[in-house]
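This report concerns only the one structure given below.
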Number of protein chains: 4
Amino acid sequence: MRKKDETKEPRILDATAEIILKEGAAAVSTVKVAKHVGISQSNVYLYFKDKDDLIMSVYRRELNKIDATGDLELATDQSIPVAKRVRGYIKAVYDFALANPDSLTLIQQVKFLLGQHDTNPFEDYPEHENVVISVLQEAIDAGVIKPVPVSLLMSMVFSVIHTHTLNLQKNRYASNDYDFETFYSLIWGGMKQE
Amino acid sequence: MRKKDETKEPRILDATAEIILKEGAAAVSTVKVAKHVGISQSNVYLYFKDKDDLIMSVYRRELNKIDATGDLELATDQSIPVAKRVRGYIKAVYDFALANPDSLTLIQQVKFLLGQHDTNPFEDYPEHENVVISVLQEAIDAGVIKPVPVSLLMSMVFSVIHTHTLNLQKNRYASNDYDFETFYSLIWGGMKQE
Amino acid sequence: MRKKDETKEPRILDATAEIILKEGAAAVSTVKVAKHVGISQSNVYLYFKDKDDLIMSVYRRELNKIDATGDLELATDQSIPVAKRVRGYIKAVYDFALANPDSLTLIQQVKFLLGQHDTNPFEDYPEHENVVISVLQEAIDAGVIKPVPVSLLMSMVFSVIHTHTLNLQKNRYASNDYDFETFYSLIWGGMKQE
Amino acid sequence: MRKKDETKEPRILDATAEIILKEGAAAVSTVKVAKHVGISQSNVYLYFKDKDDLIMSVYRRELNKIDATGDLELATDQSIPVAKRVRGYIKAVYDFALANPDSLTLIQQVKFLLGQHDTNPFEDYPEHENVVISVLQEAIDAGVIKPVPVSLLMSMVFSVIHTHTLNLQKNRYASNDYDFETFYSLIWGGMKQE
DNA sequence: TATGAATGAGTGTTCATTCAT
DNA sequence: AATGAATGAACACTCATTCAT
């Protein structure tokens, strides 16, 4: 499908994301999306094969935003000590979550819609998975962090940071009440091998 | 009068839970549920006011299971040092999650269906909330654990343990590969004030 | 069907009538009726063959009330001058309508439910019809009232008196603001041959 | 885009009206209507917001027909003596009813469905109401007609004329057996002040 | 590219009716 | 006589999707 109006596809995705955030992924319908964007319902099908494609596109777009931020690269630099690289990974997630406060929620919503229940939304995203998993695994092998399933560690990282962003959005506290070190020490204190 | 089939209500709830686990809460429909149970669709409405009631009943049933296990009581015993009580709380969640491997997933699914995004499913369950929150808050006040938002701590506990049960269900490792101490040290190491 | 509780059948009819008056005949359902009476839905079927029978019974009961008042007999007395007998008929309808302010409404509602549109609800009730028709026809033949279709005359009588009772129920004026003579002169003035 | 079928909306309204006339307003269902028109059930919702809108549209269409005939204007002409204007009003209703023999029935059916019991269907139609009420009220004030509630007079006019059209439809007599003067004298004879 | 029209399958829900107790 | 349980058919309504323009 060729597109003339370059802004329309993202606008459709934006509308979809908005609905997901407000009403949950299950509440998405092409009718609602079209109404939000101000286009006809059938127009959606020019940009997305079907509803599934639409929702998965929202999902993929959020995942791509992570790549775009690119902070993870630090974690792959083999010349840096592994503990610092783990910290780099946590920092990358933290920065990303603050910069894109809805991303984690969107990703989780879509996954829950599909009936999968992983607490760690990044799990099935190969590129990151590999980077993150290998850093953590290295750290485990080096005796720097505890020998526990990597998925547990990732889940811990994401749940803590995601909860933080949700708290911020709900104005449960001010954004400068806690800084990265707070969350880092919470996470690192748990995983580090003593 | 026809005698009441005492097993039917739970069977309907079971079918609903099964669908939620397999396809996600959004995929629940009265038709599917009825077909699962082998009754007519309208029969569902004899046991549940409407679809919402049905889904909320699944939700409530899981929450009640937590009460039934009652392990949390240890955490409220003021004569025990607060650090031990925090451990008691973590143990209670752990035991419950292992005994009811689907509960956390069911609860999260229902909450996600409603469009809420809390990582911690116990949050809106007053009784537990109060107990857990007050124990953690006490521990913070006593300088035993780090002064971070209680919601972060709870979310950490749940995500780690939930991920563990999911891993077990997916046969990612054997159930005796890791024991409670593994998860406790992971969590406690993070939250404890050093 | 034999009935033990002699009061139950009328109570069911009362409930049905109440619903008809409040929500219209189309809104009657056995569920609602049973709930109103405080019995089980299926119990209704012990007293009435089906929903149609129930509604028609309400209808018939109202028609029977007219017979019970028996004021019409005056109209049949051949020894009385026909003009007086016409007056007797109008008076009978008037008295009946005031004594049973809901009857005409109930009858009309049922007829409208069935999709018939006669303005004169008594039309298909043989006994009265005969009496009334023959009095009016006699009056026409005697040159006392205008030679118009009898149905028009009856419809005029009923609509005027019915509207009056509705006005009273809606408190549009007090019940002693107008008396029988008002309506009689309105009706009689129209039909009488000058 | 598929070109709009201009005839479809009226065809849906026609089908609905037909059902109302044959089976009563309570018997209208979107399935029946669609089947009548030969379209899919959901197509009805492209033209009418919901079933209520559909039925009210039938109602409104009939009321608009009255405006379209516009004969009532004569009744508002202040330069004409009030008695003549009352006659103009009655004539307008008569002409309208003959030209649109189903209109009064349709209007009444819809009103009865809504559970209202007014005998006079024009009552809640502000424009006409105002015109008619004020003419009649003027006539009362001028001592030309009897001082009775206006609603009674209107109800008399409508019931007589409506019954006439029903009689015609049922072939109870030929359309030229009676003319306007018959009904006018019946009505006017009743209301006029002597 | 874009749209309005159309549809068929689906949803939740109500209800009249039957049946076994 | 009375009831709770059960059902199947109906209903209003929504939605994903297709098609002709």
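Numbered from 1 within each chain, the chains take letters A, B, ... in sequence-line order. Just so we're clear, the structure is a prediction, and the values are computed from it rather than from any experiment. All values below come from the heavy atoms of this structure, side chains included, with hydrogens, waters and symmetry mates left out.
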Nearest to the side chain of B:Asp50, heavy atoms from C-beta on, is which of E:dC15, E:dT18, E:dT13? E:dT13
Figure out the CD1/P separation between A:Ile39 and E:dG4, and round it to whole Å. 11 Å
Please confirm whether the shortest side-chain N or O distance from D:Tyr47 to OP1 or OP2 of E:dA6 is below 4.0 Å. yes
Take atom CD1 of D:Ile19 and atom C1' of F:dC11, then tell me their distance rounded to the nearest Å. 14 Å
Separation of F:dA12 P from D:Ile12 CD1 (nearest whole Å): 14 Å
Start at the 5' end of DNA chain F and walk down; is the nucleotide closest to C:Asn43 or to D:Ala27 reached first? C:Asn43
What's the NZ-C1' distance between B:Lys35 and E:dT11, to the nearest Å? 13 Å
Side-chain donor/acceptor of D:Glu62 to backbone N/O of D:Ile107, under 3.5 Å: no
Looking only at side-chain atoms of A:Ser42, point me to the closest of E:dT3, F:dT14, F:dT7. E:dT3
Only pairs with both distances under 3.5 Å count, Watson-Crick or wobble alike; so what is the partner of E:dA5 in this structure? F:dT18
A:Leu13 versus A:Ser57, closest heavy-atom pair with distance: CD2-CB, 3.7 Å
Can you tell me which nucleotide in E:dC15, F:dC19, F:dA16 comes closest to the side chain of C:Ser29? E:dC15
In whole angstrom, give the distance that lies between atom CG of C:Leu54 and atom P of E:dA16. 9 Å
Would you kindly give the CD-to-P distance between B:Glu9 and F:dA5, to the nearest whole Å? 11 Å
Examine the base of E:dC15 for any acceptor or donor lying under 3.5 Å from a partner atom in the side chain of C:Gln41, and report the outcome as yes or no. no
Assess whether one donor atom and one acceptor atom, taken from the side chain of D:Ser40 and the base of E:dG8, lie less than 3.5 Å apart. no
So, for D:Ile39 and D:Ile12, which heavy atoms are closest and what is the spacing to 0.1 Å? CD1-CD1, 3.9 Å
Ignoring backbone atoms, establish whether A:Thr30 has a side-chain N or O less than 4.0 Å from OP1 or OP2 of F:dA16. yes
How close do B:Arg61 and B:Asp14 get, counting heavy atoms only, and between which atoms? NH2-OD1, 2.9 Å
side-chain contact (heavy atoms from CB on, under 4.5 Å) between D:Phe48 and D:Met56, intermediate numbers included: CA-CA 10 Å; D:Phe48 301 94; D:Met56 289 310 289; over 6 Å; no
Rounded to the nearest angstrom, tell me the gap between atom NZ in B:Lys32 and atom P in E:dT11. 7 Å
Closest approach of D:Ser103 to D:Lys65 (non-hydrogen atoms, all atoms of both residues): OG-CD, 4.1 Å
If the cut-off is 4.0 Å, is D:Lys8 near the phosphate of E:dA6, judged by side-chain N/O to OP1 or OP2? yes
Watson-Crick or G-U wobble mate for F:dA10, both contacts under 3.5 Å: E:dT13
Which is true for A:Val28 with a 4.0 Å heavy-atom rule: it touches a base, it touches only sugar-phosphate, or it touches nothing? sugar-phosphate
When rounded to whole Å, the NZ to P distance for the pair C:Lys51 and F:dA9 reads 18 Å
Minimum-distance nucleotide (side-chain atoms of C:Leu46 versus E:dA5, F:dA1, E:dT13): F:dA1
